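First comes the structure, then the notes that go with it.
What you are looking at is a predicted structure, and each value in this text was computed from that prediction instead of being measured.
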Amino acid sequence: MTSRPRSNSPAKKRKEPVRTSKEEIQEKAMELFLKKGYHGMSTTDLCEALGISKPTLYWYFKDKEDILFSVHKDRLESRIQPILARMEEADDPLARLRIFVHEYTKAVCLYPDTKVLINETAYLAPEHLTWVHKLWTKPLDLLRQALRDLKKDGKVKDTSETFAAFSLIGMVMWTFNWFDHSRPESIEELTDTIERIFFSGLLKSDISWRSYDLGYQEQTPTGPQKETPGEDVEARSAAKPLKTRRKRKD
């Protein structure tokens with residue numbers, strides 16, 4: 001019996017399995033969604049960026065749409081649901097409106113991924129879209145109820161609470177299109193401006209929204225924000241105008 005000649009080539013080493021996590025996949029997917037858009041990013045792009053195989057990716061997610069929904073769900077539960085809870089806990093309806101302006105504006109403006117959460121929502125599967133829409137529409141119900149309560153107390157001008165609620169949501173939500181994320185310190189000026197415009201048109205002349213405390217210490221990713229009730233917003237706006245961002249091309 002002849003023996004097989006021994007090979008001089010070095011033995012092949014088995015590759016160590018690439019370890020990743022659901023959270024790492026979500027974060028990298030969000031980076032690529034921001035850069036390329038939902039349709040521009042492929043699961044191949046995601047796997048190459050993470051250095052993982054497709055079977056590893058599909059261990060965590062069914063497909064690309066499942067990743068998009070997972071990112072939506074994570075962001076909305078961590079950023080939006082706490083705001084809604086604070087609004088529901090507030091006893092005074094005007095405080096509820098102020099919490100929405102301050103906290104929702106921050107949630108929309110201070111995170112670049114808001115563009116994905118809003119612009120790419122239409123690509124979600126019907127059952128996922130229903131879940132997202134239900135959470136996005138909860139603020140409308142809370143705002144309308146707060147406005148009804150203010151109307152009962154005789155504190156607001158004669159106006160439709162539905163139209164007023166939609167107007168406030170529009171003022172807050174549209175800011176993600178032009179707010180400069182590199183200048184988070186200007187968020188206080190923005191919320192103050194929204195309050196001045198909205199409440200000046202809504203409340204009767206003898207009612208001051210400044211007298212209604214938010215009931216908690218405001219926080220932003222850059223630290224606590226202090227109230228400046230006596231500061232001239234118009235003068236500050238002239239000195240430090242907010243920059244606008246060019247519309248993203250997917």
From CA spacing to verdict: salt bridge (charged side-chain N to carboxylate O under 4.0 Å, His left out), E77, K73 = CA-CA 6 Å; E77 287 180 340; K73 191 171 185 291; 2.8 Å; yes

Closest heavy-atom pair and its distance - G40, D45 | O-OD2, 3.7 Å

Between E189 and S186, is there a donor-acceptor pair closer than 3.5 Å when you use the side chain of the first and the backbone of the second?
-> no

Side-chain heavy-atom pair E88, K138 within 4.5 angstrom cut-off = yes

Aromatic rings Y38 and Y123: how do their planes relate, parallel, tilted or perpendicular, breaks at 30° and 60°?
-> parallel

Heavy-atom closest pair, residues R144 and D141 | NH2-OD1, 3.3 Å

Verify whether one side chain among D149 and Q145 offers a donor that lies under 3.5 Å from an acceptor in the other.
-> yes

Could you state the interatomic distance from NE2 (H72) to OG1 (T121), rounded to the nearest 0.5 Å?
-> 3.5 Å

When every non-hydrogen atom of T114 is compared with those of V108, the smallest separation belongs to OG1-O, 2.9 Å

How many angstroms lie between atom CZ of R79 and atom OH of Y104, to the nearest 0.5 angstrom?
-> 12.0 Å

Would you say S200's side chain and I197's backbone share a donor-acceptor pair under 3.5 angstrom?
-> no

Same apolar cluster (I L V M F W Y, side chains within < 4.5 Å links), W174/F166 = yes

Is any side-chain heavy atom of L124 less than 4.5 Å from a side-chain heavy atom of E65?
-> yes

Could you tell me whether the side chain of F176 reaches within less than 4.5 Å of the side chain of K115, counting heavy atoms only?
-> yes

Shared hydrophobic cluster, V101 / F163 (ILVMFWY, side-chain heavy atoms < 4.5 Å) = no

Residues, nucleotides or ligands: over 12 heavy atoms within 6.0 Å of K157 NZ | yes

Minimum heavy-atom distance H181-C109, with the two atoms named = ND1-O, 2.6 Å

V116 vs L68 side-chain heavy atoms within contact, under 4.5 Å = yes

Test: K106 and E103 ion pair at under 4.0 Å = yes

For the pair I118 and M173, evaluate side chain to side chain contact (heavy atoms under 4.5 Å, CB included) and give the outcome as yes or no after the intermediate values.
-> CA-CA 9 Å; I118 295 176; M173 294 295 289; 3.8 Å; yes

From L142 atom CG to M87 atom CE, the distance as rounded to the nearest 0.5 Å | 4.5 Å

Are W136 and L76 side-chain neighbours, meaning at least one heavy-atom pair lies under 4.5 Å?
-> yes

Heavy-atom side-chain proximity of I67 to L57 below 4.5 angstrom | yes

R75/E27 ion pair, N-O < 4.0 Å | yes

Just how far is it from atom CG of L84 to atom CD of E89, taken to the nearest 0.5 Å?
-> 11.0 Å

Interatomic distance, T105 atom OG1 to D192 atom CG [nearest 0.5 angstrom] = 11.5 Å

State, to 0.1 Å, how close P184 and L110 come at their nearest heavy-atom pair, and which atoms those are.
-> CB-CD2, 3.8 Å

In sequence, state the C-alpha distance, the side-chain angles, and the governing distance for T43 and F61, and then conclude on side chain to side chain contact (heavy atoms under 4.5 Å, CB included).
-> CA-CA 11 Å; T43 53; F61 300 98; over 6 Å; no

Sub-4.5 Å side-chain heavy-atom contact between V172 and F100 = yes

Quick one: closest heavy-atom pair of L150 and P93, and the distance?
-> CD2-CG, 3.8 Å

Tell me, yes or no, whether the heavy-atom count around Y58 atom OH, taken from other residues, nucleotides or ligands under 6.0 Å, exceeds 12.
-> yes

Taking it one step at a time, do Q26 and K22 satisfy side chain to side chain contact (heavy atoms under 4.5 Å, CB included)?
-> CA-CA 6 Å; Q26 286 176 318; K22 182 178 181 180; 4.1 Å; yes

Any chance the side chains of H102 and E195 put a donor and an acceptor closer than 3.5 Å?
-> yes

Pairwise distance CG(D66) to OH(Y60) - rounded to 0.5 angstrom = 14.0 Å

For the residue pair K155 and L202, establish whether any side-chain heavy-atom pair is separated by less than 4.5 Å.
-> no

Please step through side chain to side chain contact (heavy atoms under 4.5 Å, CB included) for the pair I194 and L168, ending with a clear verdict.
-> CA-CA 8 Å; I194 292 174; L168 182 56; 4.2 Å; yes

